[in-house]
Amino acid sequence: MKFGGTSVADLERIRRVARLVAAEKAAGHDVAVVVSAMAGRTNELVAWTDGAGAAAPGLPASDDEYDVVVASGEQVSAGLLAMTLRNIGVASRSWLAWQIPVITDEAHGKARIEEVKPEKLEICLADGVIPVVAGFQGVDRHGRLATLGRGAGDLSAVAVSAALRADRCDIYTDVDGVYTTDPRIEERARRIPKISYEEMLEMASLGARVLQSRSVELAMAQRVPLRVLSSFVEPGATVGAGTIVCDEEEIVEKRIVSGVAYSRDEAKISLFGLPDHPGVASEIFGSLASANVNVDMIVQSHSLQAGAANMEFTVGKRDAGRSVEIVESLKDKLGFDGVALDDNVAKVSVIGVGMRSNTGVAQTMFRALADKGVNIQVISTSEIKISVLIDAAYTELAVRALHAAYGLDKA
Ligand code: ADP
Ligand code: ASP
Ligand code: MG
């Protein structure tokens, strides 16, 4: 059972979580728990590290002391929940990542889990004691704390589930499942009872933050059945609710489009008057890759000028300033006319496995956006998704229009 930040936001909610855990235990299950920091705490800790100069502004934190600070939020909530469980007569103890250990690589701030050693947790469970694991953290091979990236409490939960060969990993949050789009933006969004790993992975990586994308990737690879449900209920009330993330074959009712996602985390960089010859893209994206910048959407087109091309691509907002500097440093070598940065953009995507076998899916999207007067700046597609980049001011309008256009609205 994994509980996110809003589920453990205060002592009252921690008591409710303890009742949910106790009920699961009383029903005869062995339970391991993973917790996030109390809501808002990680942001506060990150802000402190920014103030202390953890990493140059705009740089993703790669500082091992950043991890020491921001990992502490999970230590507090793990201890508080274990304490609360004991208070209602349920044997429990907290586990920090280094005690288990959860072993990661050394990419501080976004470390990858290499291994979760199950032995100590197994002994704890065998003794009838509920382990409460601090999520989001690990320890590298030098014994230094590492954090796994924002939202990665979900990843910890899946990794612990896989290590313990759990029957299921239940992600408790502040919504009662995965919806056709963010219910905060579209009140007509509907809960999806079952969704495939693949669609969930696309939804998550395209911005639906209800599950962190690497957690879905790991669940898919390790075949961990995932369920998303609300912790804002009393024990017993969740039966039958929530969303199950499973293999595509297990889903009977298939839709062409299952969901709409959005992200305001990207910025667009435009390059004008690039020489149109082999090696230019390799030079640009090679330099960005060496600096650990992830590039998402890319378009290139000929310019009116003979032998020249224009290029646009998107990067994470945090990397935008740095990316422009990198590109500008190539100006003499490549000889282009200019660079522009626009961080007032949003990526809106429609996702569905049914796209594989249906035509006209993109046209429905373009028509719906055109009808609302929303201009499309960049388009990218894969087998099961279509994404467009638009002016950020139209994000909500576009999400609602697409939600309706694909018939996802609640009846
Ligand atoms: P937690 O703190 O439990 O990890 P998150 O804030 O990370 O919770 O994720 C839950 C939030 O995800 C919801 O409050 C909701 O606003 C948002 N969300 C975005 N897209 C979706 C979606 N398609 N379905 C459900 N929730 C979504
Ligand atoms: N507390 C961490 C964060 O806010 C991890 C999580 O909540 O999943 O990013
Ligand atoms: Mg989350």
Side-chain angles (χ1 to χ4, degrees), residues 56-60 202 205-207 261-350 355-356 359-395 398 402:
L59 271 182
E202 288 281 8
S205 49
L206 293 168
Y262 67 93
S263 161
R264 296 190 185 101
D265 297 335
E266 287 177 37
K268 182 180 73 171
I269 295 174
S270 309
L271 286 169
F272 306 104
L274 278 165
D276 195 7
H277 62 66
V280 172
S282 156
E283 192 73 49
I284 294 168
F285 298 116
S287 304
L288 291 167
S290 316
N292 256 319
V293 174
N294 252 323
V295 176
D296 180 24
M297 305 169 108
I298 305 175
V299 279
Q300 187 183 333
S301 60
H302 289 288
S303 107
L304 278 177
Q305 238 173 296
N310 298 328
M311 185 170 329
E312 290 191 307
F313 58 90
T314 62
V315 298
K317 265 193 184 142
R318 262 184 99 86
D319 292 333
R322 207 156 57 96
S323 304
V324 169
E325 279 170 26
I326 291 167
V327 171
E328 269 170 350
S329 73
L330 298 170
K331 193 165 180 188
D332 287 343
K333 192 168 180 189
L334 296 177
F336 51 83
D337 295 339
V339 192
L341 172 66
D342 180 0
D343 61 5
N344 212 7
V345 292
K347 183 172 69 175
V348 178
S349 311
V350 298
M355 277 184 210
R356 287 199 194 105
T359 54
V361 184
Q363 177 51 22
T364 303
M365 181 176 204
F366 303 151
R367 182 78 266 152
L369 294 173
D371 286 345
K372 296 286 179 197
V374 178
N375 191 42
I376 299 171
Q377 303 178 14
V378 182
I379 302 169
S380 78
T381 65
S382 79
E383 225 190 353
I384 65 164
K385 67 107 190 207
I386 309 164
S387 301
V388 295
L389 198 71
I390 61 170
D391 185 327
Y394 298 114
T395 315
L402 295 172

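Side-chain contact between Asp296 and Val315: absent, with no pair of heavy atoms (C-beta onward) separated by less than 4.5 Å. Looking at heavy atoms from C-beta onward, Val327 lies in side-chain contact with Phe336 at the 4.5 angstrom threshold. Put simply, the side chain of Asp391 does not reach to within 4.5 Å of the side chain of Asn375, judged on heavy atoms. Side-chain contact between Leu334 and Ile284 is present, with heavy atoms from C-beta onward closer than 4.5 Å. When side chains are defined from C-beta on, Leu389 does not count as touching Ile376, because their heavy atoms never get closer than 4.5 Å. With contacts defined as side-chain heavy-atom distances shorter than 4.5 Å, the pair Val388/Leu369 qualifies. Here the side chains of His277 and Val280 are in contact, with some heavy-atom distance below 4.5 Å.
Taking CZ from Arg264 and CG from Asp343, the interatomic distance works out to 13.0 Å, rounded to the nearest 0.5 Å. For the atom pair CG of Leu274 and CG of Asn310, the computed distance is 7.5 Å after rounding to the nearest 0.5 Å. Separation of atoms OG (Ser287) and NZ (Lys333) is listed at 7.0 Å; rounding is to 0.5 Å. Within the model, atoms OG1 of Thr314 and CG of Asp342 stand 11.5 Å from one another, a figure rounded to the nearest 0.5 Å. Rounding to the nearest 0.5 angstrom, the gap separating the OH atom in Tyr262 from the OG atom in Ser349 is 12.0 Å. Rounding to the nearest 0.5 Å gives a distance of 12.0 Å between CD1 of Ile390 and CD1 of Ile379.
We find that Glu266 and Lys347 are joined by a salt bridge, their nearest charged nitrogen and carboxylate oxygen being less than 4.0 Å apart.
In terms of heavy-atom proximity, Leu341 sits nearest to Ala320 at CD1-CB, 3.9 Å. The heavy-atom pair separating Leu206 from Ala261 by the smallest distance is O-CB, 3.8 Å. When all heavy atoms of Asp319 and Asn292 are compared, the closest pair comes out as OD2-O, 4.5 Å. Closest approach of Ile384 and Met355 over heavy atoms only: C-SD, 3.6 Å. Between Thr395 and Ala346, the closest heavy-atom pair is OG1-CB, 3.3 Å. Summarising the geometry of Val293 relative to Ser323, their closest heavy-atom pair is CG1-OG, 3.5 Å, with the distance given to 0.1 Å.
Each of Gln300, Met297, Lys268 was checked for a side-chain contact (heavy atoms from CB on, under 4.5 Å) with Glu312, and the lone residue meeting it is Lys268.
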Begin with the C-alpha distance, continue with both residues' side-chain angles, and end with the deciding distance and a verdict on side-chain contact (heavy atoms from CB on, under 4.5 Å) for Met311 and Ser301.
-> CA-CA 6 Å; Met311 185 170 329; Ser301 60; over 6 Å; no
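With sequence neighbours left out, Phe313 forms a ring pair (Phe, Tyr, Trp, His ring centres under 6.0 Å) with Phe285.
More than 12 heavy atoms of other residues, nucleotides or ligands lie within 6.0 Å of CG in Asn344, so this atom counts as buried by the packing criterion. For Asp371, the CG atom sits in a packed shell: over 12 heavy atoms of surrounding residues, nucleotides or ligands are nearer than 6.0 Å.
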